Amino acid sequence: MMDTIIRKINIENIDQNIIEEAASILRLGGIVVFPTETVYGLGADAFSKEAAEKIYRAKGRPSDNPLIVHVADQRGLEKVAKNISSQAKVLMKKFWPGPLTLIFEKKEELPLETTGGLTTVAVREPDHTIARVLIKEAGGCVAAPSANISGKPSPTSGKHVVEDMDGKVDMILDGGKAELGLESTILDMTTSPPTLLRPGFITKEMIEEVIGKIQSEEENSNASPRAPGMKYRHYAPKAEMYLVSGEEENVIEKINLLFTENQRKELKTGIISIKEHEKKYPLGSVLIIGRKGSPKEVAGNLYEVLRLFDSEGVDVIYCEVFSESDLGHAIMNRLKKAASYNIIKA
Ligand code: TXA
Ligand code: MG
């Protein structure tokens, strides 16, 4: 255990002293949790292999799982990546700063500890003022995975971060709720056409509108996933989780039935429902994930809901499925992983 400095920081009125304190920790090889528009990141100087190792230790994450390098401008990008294609330039112009991570060939100088041994590097420019000023003050290239303990849902609030990282990191910057709530889209620019490795707010459709057809990891017959992080159990609550799919009324009936069966077995059961169905689950411990018509709201609450059920100590969670179009692709990607692909047909 170490002493963790915890500081609240207001995005509307950023205290430059706090940024300076955090940046100097990073420059000296320490690790600092900071907010981004997607989820909280656990940052280290991208050029320090010792600091990268500290990240793996704090997360309990296997060190072959590469980190995303966060930059604040073009100069930062050029320090870590090479052979940047014109397609990539168009995407960056359109979507940076923002929730899109691009994979390039890495520069020699970037340590292999940062990229989990790969000769490629994932880079993103976050759209969050606190993250941006911190990255600039810290030297321009901050390697950061999501700031959760490996395998747990990503943190979307200061409270989540303190739960997971107090005593394990040098400093936590609590900047309130992460606005989007799901990790960035990851697009591998080293393949032709580029490959979508993780869906997110920047959807496949949005990318294709700019650069034409891309491929998806799922469509590749290639058995070993190219985003190495994808091979681990992910985003998972402690409870056993099931997605229930089918006609709306059947899904509701099925979940209520399963709830009653579990009650007989004395299993504590949680239900994840959309706002519109709140009253249709009279029995269980029900958490509302958002309105059906607002995928943005659902994405923003997803990890919060999983963590709330963890703290309630439920044994089993049932969740309705969502349409997989547009942002629904990212929502269902995370829910399926959280549920270890357990899907019940109603
Ligand atoms: O929104 C986000 O991307 C957040 C915030 C903090 O920026 N970060 C994040 O990092 O989600 P992390 O480490 O939890 O997820 C990064 C994913 C992992 O699955 C990792 O395997 C993959 O990106 N990745 C990183 N570098 C890669 C590379 N060179 N090639 C393929 N996959 C890579
Ligand atoms: Mg993660």
Side-chain angles (χ1 to χ4, degrees), residues 31-44 46 52 55-56 58-72 80-82 95-107 110-128 130-132 134-135 142-156 160-161 164-165 173 175 178-191 194-202 217 220 222 224-236 299 303 330 333-334 337-338:
I31 55 177
V32 175
V33 177
F34 62 97
T36 83
E37 82 280 28
T38 57
V39 300
Y40 275 74
L42 170 51
I55 287 184
Y56 294 121
K59 279 182 65 86
R61 171 173 181 159
S63 59
D64 65 345
N65 192 350
L67 310 175
I68 295 176
V69 177
H70 294 66
V71 299
V80 295
K82 63 181 182 190
F95 298 116
W96 280 16
L100 174 66
T101 296
L102 299 176
I103 294 177
F104 301 105
E105 285 170 44
K106 82 169 191 68
K107 284 259 171 83
L110 187 70
L112 285 166
E113 282 76 5
T114 300
T115 60
L118 299 176
T119 55
T120 55
V121 59
V123 190
R124 122 173 160 86
E125 185 180 336
D127 186 13
H128 191 288
I130 296 171
R132 299 173 65 76
L134 177 64
I135 293 164
V142 174
S146 51
N148 51 290
I149 292 171
S150 186
K152 281 192 40 167
S154 294
T156 56
H160 298 165
V161 169
D164 279 18
M165 290 297 160
L173 297 180
E179 192 199 331
L180 301 180
L182 288 187
E183 307 86 347
S184 61
T185 305
I186 303 182
L187 186 65
D188 186 348
M189 299 305 296
T190 69
T191 63
T195 309
L196 182 69
L197 300 181
R198 180 172 73 184
F201 270 84
I202 308 296
E217 175 91 278
N220 267 344
N222 190 348
S224 82
R226 238 168 317 153
M230 300 310 206
K231 71 186 174 209
Y232 307 105
R233 185 175 140 93
H234 244 100
Y235 321 115
Y303 290 138
N333 170 273
R334 304 311 192 276
K337 282 175 196 278

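When a ligand or atom number is given, it counts from 1 through the structure's own listing order. Fair warning: this is a prediction, and the values are worked out from it, not measured in the lab.
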For a salt bridge (charged side-chain N to carboxylate O under 4.0 Å, His left out) check, start with the C-alpha distance between Arg132 and Glu125, then their side-chain angles and the critical distance, and finish with the verdict. CA-CA 8 Å; Arg132 299 173 65 76; Glu125 185 180 336; 2.8 Å; yes

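- Close contacts of ligand 1 with Leu118, meaning ligand atoms under 4.0 Å from a residue heavy atom, involve 28 (C), 29 (N), 30 (N).
- Taking 4.0 Å as the cut-off between side-chain N and carboxylate O, Glu183 and Arg124 do not count as a salt-bridged pair.
- Nearest-residue assignment for atom 2 (C) of ligand 1 (options Pro126, Ala178, Ser184; heavy-atom criterion): Ser184.
- Note: Thr156 OG1 to Glu179 CD = 12.0 Å, rounded to the nearest 0.5 Å.
- When the ring pair (Phe, Tyr, Trp, His ring centres under 6.0 Å) test is applied to Phe201, no partner is found at least two apart in sequence or on another chain.
- Looking at Arg61 against ligand 1, only its side chain comes within 4.0 Å, counting heavy atoms.
- Between Tyr40 and ligand 1, no N or O atom pair is found at a separation short of 3.5 Å.
- For the pair Ile68 and ligand 1, a heavy-atom separation below 4.0 Å is found.
- Atom numbering of ligand 1 starts at 1 in the shown order; those under 4.0 Å from a heavy atom of Ala122 are 25 (C), 26 (N), 27 (C), 29 (N).
- Every residue two or more places apart in sequence or in another chain that forms a side-chain contact (heavy atoms from CB on, under 4.5 Å) with Pro111 is listed here: Phe47, Lys49, Glu113, Thr114.
- Looking at Gly117, Pro66, Gly43 and measuring to atom 24 (N) of ligand 1, the nearest heavy atom belongs to Pro66.
- Residues Ser154 and His160 come closest through the heavy atom pair O-ND1, 4.5 Å.
- Distances below 4.0 Å separate heavy atoms of His70 from the following atoms of ligand 1: 5 (C), 6 (C), 7 (O).
- Between Ile186, Asp64, Thr195, it is Ile186 that holds the heavy atom closest to atom 23 (O) of ligand 1.
- Proximity to Thr120 (heavy-atom distance under 4.0 Å) selects the following atoms of ligand 1: 28 (C), 29 (N), 30 (N).
- If you number the atoms of ligand 1 from 1 as listed, the ones under 4.0 Å from a heavy atom of Ile103 come out as 27 (C), 28 (C), 30 (N), 31 (C), 32 (N), 33 (C).
- Between the side chain of Ser146 and the main chain of Asn148, no donor-acceptor pair closer than 3.5 Å is present.
- Ligand 1 is never approached by Lys106 to a heavy-atom distance shorter than 4.0 Å.
- Below 3.5 Å of separation, one finds an N or O of Asn65 facing an N or O of ligand 1.
- Between the side chain of Arg61 and the main chain of Gly151, no donor-acceptor pair closer than 3.5 Å is present.
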Determine, stepwise, if the pair Leu173 / Tyr40 fulfils side-chain contact (heavy atoms from CB on, under 4.5 Å). CA-CA 9 Å; Leu173 297 180; Tyr40 275 74; 5.9 Å; no

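- Heavy-atom proximity to atom 14 (O) of ligand 1, evaluated over Gly181, Ser146, Pro99, is greatest for Ser146.
- Under 2.8 Å from the Mg ion (ligand 2) lies no N/O/S atom of Asn148, from backbone or side chain alike.
- For the residue pair Thr38/Ser184, the side-chain donor-acceptor check at 3.5 Å is not satisfied.
- Atoms of ligand 1 found under 4.0 Å from any heavy atom of Gly41 (numbered from 1 in listed order, with element): 6 (C).
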